[in-house]
> 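My structure is below; once you've seen it, I'll send some questions.
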Amino acid sequence: MKRKYADFLLIFITAVWGLSFPIMRNSLTYISELTYLFYRFLLASIVLVAVFHRRLRNITGTVLWKGAVLGVSLSGALGFTVIALRYTTAANVAFITGMNIVIVPFLSNIILKKRIDWVKRGSVLIAVIGLFLISGGVELKFNRGDFLAFLCALCISAQIILTDIFTADEDPVILGCLQVNTAAVIYFLLSLAGGIGFTFEVRWIVMVTILVTGIAGTALAFVGQTLVQKYTTPSHVAIIFILEPVFGAVFALWIPRLDGTTETISAVKGIGCCLLIASMLFTEIAGAKAEVKSGQHGEITGR
């Protein structure tokens, strides 16, 4: 798989996740967070089973438990984010969860023995500064919400690292399907146990949000991620995924709130966006040059 195609898919996935912020913001007026997550992952599961039902016949016990572990990490990442927002500011949640950009290279170095070169280190530093600016600054008192946001960052990091480990020996498409299926079951059980129920006020914005995030933001996104990660590194994926708040800020400029108003980007947040983009471009350009020198000619051939 060529690097440019792999990176284009990752960037597209990140853009869809960024789009989910403003449309989900409007939808949560009419549907609870857990109910939304259940329907989002239920739709994604149905789509994936319909598309890959023949491939899923090759499920083994080993790939089943690996997919389940990925699903637990994935559901924890989104679940902790939703709960954290009840106890701390959105800026804190955005910054702390975004710190997976630091955690992933660290764990990749410790667990996978993958050396982090100076390019990746420089990109991570630039990304952290950009993340701080785009979040509008944080007031860390390490309350319950901040702790939950940190758990979210750990879950995101674990999902990326474990995907790298598991795709070495398993079919990435099956893994991607199973993690989405597992997350759907977990959100079903949480909604049931919490007495939240599965009903919601039917509005077109809710239906559009579930369709977009369920098909593109979940089914395509997580199967695509597992497929691409078979040919790249966790640190590279984490750096591209850090563009999520950039896309979120851009889409929020033209997708109005329910009251008809749109968000604006301050000069500080604009600088943060630019730094995050620069971080990704720095990694891409340096990586492409390294591949040309090594004679790969932009081809990702494996680990």
Side-chain angles (χ1 to χ4, degrees), residues 13 15-53 56 67-90 93-94 97 144-145 148-149 151-152 155-156 159 176-223 244 247-248 251-252 254-263:
I13 290 170
V16 173
W17 288 343
L19 172 64
S20 70
F21 282 113
I23 61 175
M24 187 170 60
R25 171 197 61 201
N26 292 339
S27 298
L28 293 180
T29 301
Y30 309 109
I31 185 172
S32 71
E33 292 90 342
L34 281 177
T35 303
Y36 156 71
L37 288 173
F38 165 66
Y39 282 115
R40 170 181 170 175
F41 277 82
L42 175 63
L43 174 61
S45 296
I46 293 172
V47 170
L48 290 175
V49 171
V51 174
F52 298 111
H53 62 279
L56 291 174
V69 169
L70 288 176
V72 171
S73 299
L74 176 59
S75 60
L78 295 175
F80 284 130
T81 300
V82 169
I83 301 173
L85 287 169
R86 299 178 184 174
Y87 303 103
T88 190
T89 64
V93 173
T97 57
R144 184 188 304 180
L148 291 171
L151 291 181
C152 170
C155 286
I156 295 172
Q159 194 265 348
C177 292
L178 289 176
Q179 70 172 327
V180 171
N181 299 155
T182 301
V185 172
I186 290 174
Y187 290 132
F188 171 78
L189 295 176
L190 289 176
S191 297
L192 199 63
I196 298 171
F198 306 99
T199 60
F200 61 91
E201 187 174 345
V202 179
R203 296 291 184 103
W204 70 269
I205 185 62
V206 178
M207 304 309 294
V208 169
T209 301
I210 292 174
L211 284 172
V212 171
T213 60
I215 296 175
T218 305
L220 172 63
F222 293 111
V223 170
E244 182 178 349
F247 285 113
F251 284 121
W254 61 274
I255 297 179
R257 302 182 182 92
L258 292 178
D259 60 7
T261 61
T262 56
E263 296 184 14

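No experiment lies behind these values; they were computed from the predicted model shown. Numbering of residues begins at 1 and proceeds along the displayed sequence.
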> In Å and rounded to the nearest 0.5 Å, what is the CZ to OG1 distance from Arg40 to Thr213?
4.5 Å
> Which residues pass the side chain to side chain contact (heavy atoms under 4.5 Å, CB included) test with Val82, sequence neighbours left out?
Glu33, Leu37
> Considering residues at least two apart in sequence or located in another chain, which fulfil the salt bridge (charged side-chain N to carboxylate O under 4.0 Å, His left out) criterion with Arg144?
none
> Which pair of heavy atoms, one from Arg25 and one from Ala252, lies closest together, and at what distance?
NH1-CB, 4.5 Å
> Do you know which two heavy atoms are closest between Leu42 and Ala184, and how far apart they sit?
N-CB, 4.1 Å
> In chain order, what residues pass the side-chain hydrogen bond (donor to acceptor under 3.5 Å, both in side chains) check against Ser75, with sequence neighbours excluded?
none
> Measure the CG-CZ distance between Leu189 and Phe38 for me, rounded to the nearest 0.5 Å.
9.5 Å
> Tell me, do Asn181 and Val185 make a side-chain contact under 4.5 Å, heavy atoms counted?
no
> Would you say the ring centers of Phe251 and Phe21 fall short of 6.0 Å from each other?
no
> Report yes if some heavy atom in the side chain of Phe222 is under 4.5 Å from a heavy atom in the side chain of Gln159; otherwise report no.
yes
> Is any side-chain heavy atom of Leu70 closer than 4.5 Å to one of Thr182?
no
> What's the spacing between Glu201 CD and Thr29 OG1 if we round to 0.5 Å?
9.5 Å
> Identify the two heavy atoms, one from Gly79 and one from Tyr187, that lie closest to each other, and give their separation to 0.1 Å.
N-OH, 3.7 Å
> Just how far is it from atom OH of Tyr39 to atom CE of Met207, taken to the nearest 0.5 Å?
9.5 Å
> What about the rings of Phe200 and Tyr36, do their centers lie closer together than 6.0 Å?
no
> Any donor-acceptor pair under 3.5 Å linking the side chain of Thr88 with the backbone of Ala84?
no
> side-chain hydrogen bond (donor to acceptor under 3.5 Å, both in side chains) with Asn26: which residues, sequence neighbours excluded?
none
> Between the side chain of Ser27 and the main-chain N/O of Ile23, is any donor-acceptor distance below 3.5 Å?
yes
> Which of these passes side chain to side chain contact (heavy atoms under 4.5 Å, CB included) with Tyr30: Ile205, Thr209, Val202?
Ile205
> Decide yes or no for Leu192 and Phe198: does some side-chain heavy atom of the first lie under 4.5 Å from some side-chain heavy atom of the second?
yes
> Side chains of Ile255 and Thr262: closer than 4.5 Å at any heavy-atom pair?
no
> Working to the nearest 0.5 Å, report the span between CZ of Phe80 and CG of Leu151.
5.0 Å
> Could you list the residues that satisfy side chain to side chain contact (heavy atoms under 4.5 Å, CB included) with Val69, not counting sequence neighbours?
Trp65, Leu162, Phe166
> Taking it one step at a time, do Ile215 and Leu43 satisfy side-chain contact (heavy atoms from CB on, under 4.5 Å)?
CA-CA 7 Å; Ile215 296 175; Leu43 174 61; 4.0 Å; yes
> The test is side-chain contact (heavy atoms from CB on, under 4.5 Å); show your working for Leu74 and Phe41 and say whether it passes.
CA-CA 11 Å; Leu74 176 59; Phe41 277 82; 3.7 Å; yes
> Return the set of residues passing side chain to side chain contact (heavy atoms under 4.5 Å, CB included) with Val208 (not counting sequence neighbours), or none when no residue passes.
Trp204, Val212
> To check you understand the geometry: which heavy-atom pair defines the closest contact between Gly18 and Pro22, and what is its length?
O-CD, 3.3 Å
> Please tell me if the side chains of Thr218 and Val180 come closer than 4.5 Å, counting only heavy atoms from C-beta onward.
yes
> Give the minimum heavy-atom separation between Ala149 and Thr97, together with the two atoms involved.
O-CG2, 3.5 Å
> Counting distance only, does the side-chain N/O of Ser191 pair as donor-acceptor with the main-chain N or O of Ile196 below 3.5 Å?
no
> For residues Pro256 and Thr261, determine if any side-chain heavy atom of one lies less than 4.5 Å from a side-chain heavy atom of the other.
no
> For the residue pair Ser73 and Cys155, what are the closest heavy atoms and their distance?
O-CB, 3.4 Å
> Closer than 3.5 angstrom, by distance alone: can the side chain of Thr35 be matched with the main-chain N or O of Gly197 as a donor-acceptor pair?
yes
